[in-house]
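Here the structure comes first, spelled out in C-alpha coordinates, and everything after it is commentary.
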Amino acid sequence: MARKLIAGNWKMNEPRHGAAALAGALAERARAAGPLGWDPLVCPPATLLGAVGAALQGSAVALGGQDCHPAQSGAHTGDVSAEMLADAGCRYVIVGHSERRANHGESDAQVRAKAAAARRAGLIAIVCLGESEAERDSGETLAVVERQLAGSLPPGADAANTVVAYAPIWAIGTGRTPTIQQVAEVHAHLRRRLGAAGEGTRLLYGGSVKPSNAAEILALDNVDGALVGGASLDPDDFWAICRSLFQSSL
Ligand code: 13P
(Lines give C-alpha, C1' and ligand atoms only; values in the text may rest on other atoms or scores of the structure.)
Protein backbone atom coordinates (compact mmCIF):
# COMPACT_ATOMS: atom_id res chain seq x y z
CA MET A 1 0.00 0.00 0.00
CA ALA A 2 1.19 3.52 -0.80
CA ARG A 3 2.75 5.50 2.02
CA LYS A 4 0.35 8.20 3.10
CA LEU A 5 1.38 11.80 2.48
CA ILE A 6 0.39 14.73 4.68
CA ALA A 7 1.32 17.92 2.86
CA GLY A 8 1.21 21.42 4.32
CA ASN A 9 0.65 24.19 1.79
CA TRP A 10 1.72 27.36 3.56
CA LYS A 11 0.58 29.52 0.61
CA MET A 12 1.77 33.17 0.89
CA ASN A 13 2.22 33.11 4.67
CA GLU A 14 4.90 33.34 7.34
CA PRO A 15 7.82 35.71 7.70
CA ARG A 16 11.26 34.11 7.71
CA HIS A 17 11.57 33.71 11.49
CA GLY A 18 8.04 32.26 11.78
CA ALA A 19 8.70 29.81 8.96
CA ALA A 20 11.94 28.60 10.51
CA ALA A 21 10.24 28.17 13.90
CA LEU A 22 7.30 26.29 12.35
CA ALA A 23 9.60 23.99 10.36
CA GLY A 24 11.82 23.47 13.40
CA ALA A 25 8.82 22.48 15.53
CA LEU A 26 7.70 19.94 12.93
CA ALA A 27 11.20 18.55 12.47
CA GLU A 28 11.46 18.10 16.23
CA ARG A 29 8.19 16.15 16.35
CA ALA A 30 9.24 13.99 13.40
CA ARG A 31 12.62 13.21 14.96
CA ALA A 32 10.98 12.34 18.29
CA ALA A 33 8.53 10.00 16.51
CA GLY A 34 11.40 7.88 15.10
CA PRO A 35 11.09 6.13 11.72
CA LEU A 36 7.79 7.11 10.11
CA GLY A 37 5.67 4.82 7.94
CA TRP A 38 4.23 7.87 6.16
CA ASP A 39 5.52 11.05 4.56
CA PRO A 40 5.21 14.56 6.02
CA LEU A 41 5.79 17.48 3.63
CA VAL A 42 5.78 21.26 3.88
CA CYS A 43 5.53 23.64 0.93
CA PRO A 44 6.61 27.15 1.98
CA PRO A 45 6.82 30.23 -0.24
CA ALA A 46 9.83 30.10 -2.60
CA THR A 47 11.78 32.76 -0.71
CA LEU A 48 11.68 30.62 2.44
CA LEU A 49 12.85 27.32 0.94
CA GLY A 50 16.42 27.83 2.15
CA ALA A 51 15.50 28.71 5.74
CA VAL A 52 12.85 26.00 5.97
CA GLY A 53 15.12 23.40 4.36
CA ALA A 54 17.81 24.20 6.92
CA ALA A 55 15.34 23.82 9.78
CA LEU A 56 14.18 20.44 8.43
CA GLN A 57 17.72 19.02 8.10
CA GLY A 58 18.02 15.53 9.55
CA SER A 59 14.27 15.06 9.87
CA ALA A 60 11.82 13.05 7.74
CA VAL A 61 9.85 16.17 6.83
CA ALA A 62 10.23 16.80 3.10
CA LEU A 63 10.34 20.14 1.34
CA GLY A 64 8.20 21.18 -1.63
CA GLY A 65 7.46 24.16 -3.84
CA GLN A 66 4.03 25.66 -4.49
CA ASP A 67 4.36 26.10 -8.26
CA CYS A 68 6.94 25.88 -11.04
CA HIS A 69 7.40 27.21 -14.57
CA PRO A 70 7.38 24.64 -17.38
CA ALA A 71 10.75 25.83 -18.74
CA GLN A 72 14.11 24.90 -17.23
CA SER A 73 15.49 28.45 -17.34
CA GLY A 74 15.19 31.63 -19.35
CA ALA A 75 13.43 34.98 -19.61
CA HIS A 76 10.53 34.35 -17.24
CA THR A 77 10.58 37.18 -14.74
CA GLY A 78 9.21 36.24 -11.36
CA ASP A 79 9.01 32.51 -12.09
CA VAL A 80 10.86 29.57 -10.57
CA SER A 81 11.74 26.42 -12.49
CA ALA A 82 11.34 22.86 -11.26
CA GLU A 83 15.11 22.47 -11.52
CA MET A 84 15.55 25.46 -9.21
CA LEU A 85 13.20 23.89 -6.69
CA ALA A 86 15.13 20.62 -6.87
CA ASP A 87 18.37 22.57 -6.43
CA ALA A 88 16.87 24.21 -3.32
CA GLY A 89 16.25 20.77 -1.79
CA CYS A 90 12.64 20.16 -2.83
CA ARG A 91 11.32 16.68 -3.51
CA TYR A 92 7.78 17.77 -4.42
CA VAL A 93 6.01 20.64 -6.15
CA ILE A 94 2.32 21.54 -6.10
CA VAL A 95 0.97 22.33 -9.57
CA GLY A 96 -2.48 23.48 -10.68
CA HIS A 97 -3.72 24.61 -7.29
CA SER A 98 -7.12 26.25 -7.77
CA GLU A 99 -5.71 29.55 -6.48
CA ARG A 100 -3.22 29.50 -9.36
CA ARG A 101 -5.82 28.31 -11.84
CA ALA A 102 -8.07 31.22 -10.76
CA ASN A 103 -5.52 33.99 -10.05
CA HIS A 104 -3.19 33.22 -12.96
CA GLY A 105 -5.63 31.73 -15.45
CA GLU A 106 -3.80 28.42 -15.58
CA SER A 107 -5.36 25.88 -17.94
CA ASP A 108 -5.17 22.11 -17.69
CA ALA A 109 -2.60 22.18 -20.52
CA GLN A 110 -0.36 24.56 -18.55
CA VAL A 111 -0.73 22.44 -15.44
CA ARG A 112 0.24 19.38 -17.49
CA ALA A 113 3.35 21.19 -18.77
CA LYS A 114 4.30 22.08 -15.19
CA ALA A 115 3.80 18.49 -14.03
CA ALA A 116 6.00 17.34 -16.93
CA ALA A 117 8.64 19.87 -15.85
CA ALA A 118 8.51 18.52 -12.32
CA ARG A 119 9.17 15.03 -13.65
CA ARG A 120 12.04 16.27 -15.81
CA ALA A 121 13.62 17.76 -12.68
CA GLY A 122 13.10 14.59 -10.63
CA LEU A 123 10.37 16.11 -8.48
CA ILE A 124 7.05 14.55 -7.54
CA ALA A 125 4.19 16.70 -8.87
CA ILE A 126 1.15 17.18 -6.66
CA VAL A 127 -1.48 17.86 -9.32
CA CYS A 128 -4.51 19.67 -7.87
CA LEU A 129 -8.05 19.59 -9.17
CA GLY A 130 -11.54 20.21 -7.87
CA GLU A 131 -14.93 21.64 -8.74
CA SER A 132 -16.42 25.06 -7.98
CA GLU A 133 -19.52 25.43 -5.86
CA ALA A 134 -21.66 26.07 -8.96
CA GLU A 135 -20.30 22.91 -10.59
CA ARG A 136 -21.04 20.91 -7.45
CA ASP A 137 -24.57 22.33 -7.27
CA SER A 138 -25.31 21.49 -10.88
CA GLY A 139 -24.14 17.89 -10.50
CA GLU A 140 -21.03 18.28 -12.66
CA THR A 141 -18.42 17.35 -10.06
CA LEU A 142 -17.37 13.98 -11.47
CA ALA A 143 -17.28 15.27 -15.04
CA VAL A 144 -15.19 18.29 -13.98
CA VAL A 145 -12.58 16.34 -12.02
CA GLU A 146 -12.41 13.70 -14.75
CA ARG A 147 -11.74 16.38 -17.36
CA GLN A 148 -9.13 18.08 -15.17
CA LEU A 149 -7.43 14.75 -14.47
CA ALA A 150 -7.27 13.82 -18.15
CA GLY A 151 -6.02 17.29 -19.10
CA SER A 152 -3.54 17.89 -16.29
CA LEU A 153 -1.53 14.67 -16.10
CA PRO A 154 1.41 14.42 -18.53
CA PRO A 155 2.29 11.23 -20.41
CA GLY A 156 4.28 8.94 -18.16
CA ALA A 157 2.61 10.11 -14.96
CA ASP A 158 2.74 7.28 -12.45
CA ALA A 159 2.77 6.57 -8.74
CA ALA A 160 6.46 7.39 -8.46
CA ASN A 161 6.31 10.86 -9.99
CA THR A 162 2.73 12.05 -9.41
CA VAL A 163 0.30 12.66 -6.57
CA VAL A 164 -3.26 13.83 -7.30
CA ALA A 165 -4.98 16.17 -4.84
CA TYR A 166 -8.75 16.59 -4.91
CA ALA A 167 -9.37 20.06 -3.44
CA PRO A 168 -12.92 21.31 -4.09
CA ILE A 169 -12.70 25.08 -4.50
CA TRP A 170 -15.66 25.78 -2.24
CA ALA A 171 -14.06 23.84 0.63
CA ILE A 172 -10.75 25.73 0.57
CA GLY A 173 -10.33 28.12 3.48
CA THR A 174 -14.06 28.12 4.17
CA GLY A 175 -14.36 25.61 7.02
CA ARG A 176 -16.81 23.66 4.85
CA THR A 177 -16.02 20.15 3.69
CA PRO A 178 -17.84 17.71 1.42
CA THR A 179 -19.64 14.92 3.21
CA ILE A 180 -17.59 11.82 3.74
CA GLN A 181 -19.70 10.11 1.05
CA GLN A 182 -18.92 12.91 -1.41
CA VAL A 183 -15.18 12.61 -0.77
CA ALA A 184 -15.41 8.83 -1.16
CA GLU A 185 -17.37 9.17 -4.42
CA VAL A 186 -14.88 11.56 -6.04
CA HIS A 187 -11.84 9.60 -4.91
CA ALA A 188 -13.30 6.30 -6.15
CA HIS A 189 -14.01 7.99 -9.49
CA LEU A 190 -10.47 9.37 -9.74
CA ARG A 191 -9.05 5.96 -8.82
CA ARG A 192 -11.04 4.31 -11.62
CA ARG A 193 -10.03 6.98 -14.12
CA LEU A 194 -6.35 6.67 -13.21
CA GLY A 195 -6.59 3.07 -14.38
CA ALA A 196 -3.72 0.61 -14.42
CA ALA A 197 -1.09 3.25 -15.23
CA GLY A 198 -2.02 5.14 -12.10
CA GLU A 199 -2.05 2.16 -9.80
CA GLY A 200 -0.61 3.17 -6.46
CA THR A 201 -0.82 6.90 -7.28
CA ARG A 202 -1.57 8.70 -4.05
CA LEU A 203 -4.86 10.59 -3.93
CA LEU A 204 -4.94 13.41 -1.38
CA TYR A 205 -7.97 15.27 -0.13
CA GLY A 206 -7.61 19.04 0.46
CA GLY A 207 -10.08 21.65 1.72
CA SER A 208 -10.59 22.68 5.36
CA VAL A 209 -8.81 19.62 6.76
CA LYS A 210 -8.52 20.07 10.53
CA PRO A 211 -7.60 17.89 13.49
CA SER A 212 -11.34 17.43 14.12
CA ASN A 213 -12.19 15.96 10.69
CA ALA A 214 -8.89 14.42 9.54
CA ALA A 215 -9.32 10.92 11.00
CA GLU A 216 -12.64 10.36 9.27
CA ILE A 217 -11.37 11.59 5.90
CA LEU A 218 -8.04 9.75 6.11
CA ALA A 219 -9.82 6.48 6.96
CA LEU A 220 -11.45 6.37 3.51
CA ASP A 221 -10.21 3.66 1.15
CA ASN A 222 -9.02 5.86 -1.69
CA VAL A 223 -7.70 8.72 0.43
CA ASP A 224 -3.92 8.41 0.70
CA GLY A 225 -3.29 11.63 2.57
CA ALA A 226 -4.20 15.28 2.86
CA LEU A 227 -3.24 18.64 1.41
CA VAL A 228 -3.61 21.03 4.33
CA GLY A 229 -3.72 24.82 4.04
CA GLY A 230 -4.61 26.93 7.08
CA ALA A 231 -4.11 24.21 9.67
CA SER A 232 -0.58 23.56 8.41
CA LEU A 233 0.53 26.93 9.81
CA ASP A 234 0.12 25.67 13.38
CA PRO A 235 2.56 22.89 14.28
CA ASP A 236 0.18 21.40 16.86
CA ASP A 237 -2.71 21.28 14.40
CA PHE A 238 -0.57 19.94 11.54
CA TRP A 239 0.92 17.25 13.74
CA ALA A 240 -2.51 16.36 15.13
CA ILE A 241 -3.69 15.85 11.53
CA CYS A 242 -0.67 13.62 10.91
CA ARG A 243 -1.43 11.66 14.09
CA SER A 244 -4.95 11.06 12.76
CA LEU A 245 -3.38 8.58 10.35
CA PHE A 246 -2.99 6.23 13.28
CA GLN A 247 -6.51 6.78 14.55
CA SER A 248 -7.81 6.16 11.03
CA SER A 249 -6.06 2.82 10.78
CA LEU A 250 -7.57 1.52 14.01
P1 13P B 1 -7.40 25.02 3.65
O2 13P B 1 -6.91 23.78 4.38
O3 13P B 1 -6.97 26.30 4.29
O4 13P B 1 -8.86 24.94 3.36
O5 13P B 1 -6.66 25.01 2.23
C6 13P B 1 -6.71 23.87 1.44
C7 13P B 1 -5.79 24.02 0.32
O8 13P B 1 -5.86 24.90 -0.50
C9 13P B 1 -4.68 23.08 0.26
O10 13P B 1 -3.77 23.43 -0.72
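Just so you know, these numbers come straight off a predicted model, no measurement behind them. Just follow the structure's listing: the first ligand is 1, and inside any ligand the first atom is 1.
Taking only non-hydrogen atoms, the option from Gly229, Gly173, Gly206 nearest to atom 4 (O) of ligand 1 is Gly173.
Applying the 4.0 Å criterion to heavy atoms of Ala171 picks out, from ligand 1, the atoms 4 (O). The His97 neighbourhood of ligand 1 comprises atoms 7 (C), 8 (O), 9 (C), 10 (O), with distances under 4.0 Å to a heavy atom of that residue. The contact set between ligand 1 and Asn9, taken as ligand atoms under 4.0 Å from a residue heavy atom, comprises 10 (O).
The shortest contact between atom 5 (O) of ligand 1 and any protein heavy atom is with Lys11 NZ, 3.3 Å. Shortest contact from atom 3 (O) of ligand 1 to any protein heavy atom: Gly230 N, 2.8 Å.
When the shell of 6.0 Å around CZ of Arg176 is examined, it contains more than 12 heavy atoms from other residues, nucleotides or ligands.
In this structure, Ala167 has no heavy atom closer than 4.0 Å to ligand 1.
A salt bridge links Arg29 and Asp236; the closest N-O separation between the charged side-chain nitrogens and carboxylate oxygens is under 4.0 Å. A salt bridge links Arg31 and Glu28; the closest N-O separation between the charged side-chain nitrogens and carboxylate oxygens is under 4.0 Å. Classification of Glu106 and Arg100 as a salt-bridged pair holds, one side-chain N sitting under 4.0 Å from a carboxylate O.
For the 3.5 Å distance criterion, the side chains of Gln66 and His97 fail to qualify, holding no donor opposite an acceptor.
Note: Phe246 and Trp38 have perpendicular aromatic rings, judged against thresholds of 30 and 60 degrees for the angle between ring planes.
Not a single N or O atom of Thr174, backbone or side chain, sits closer than 3.5 Å to an N or O atom of ligand 1.
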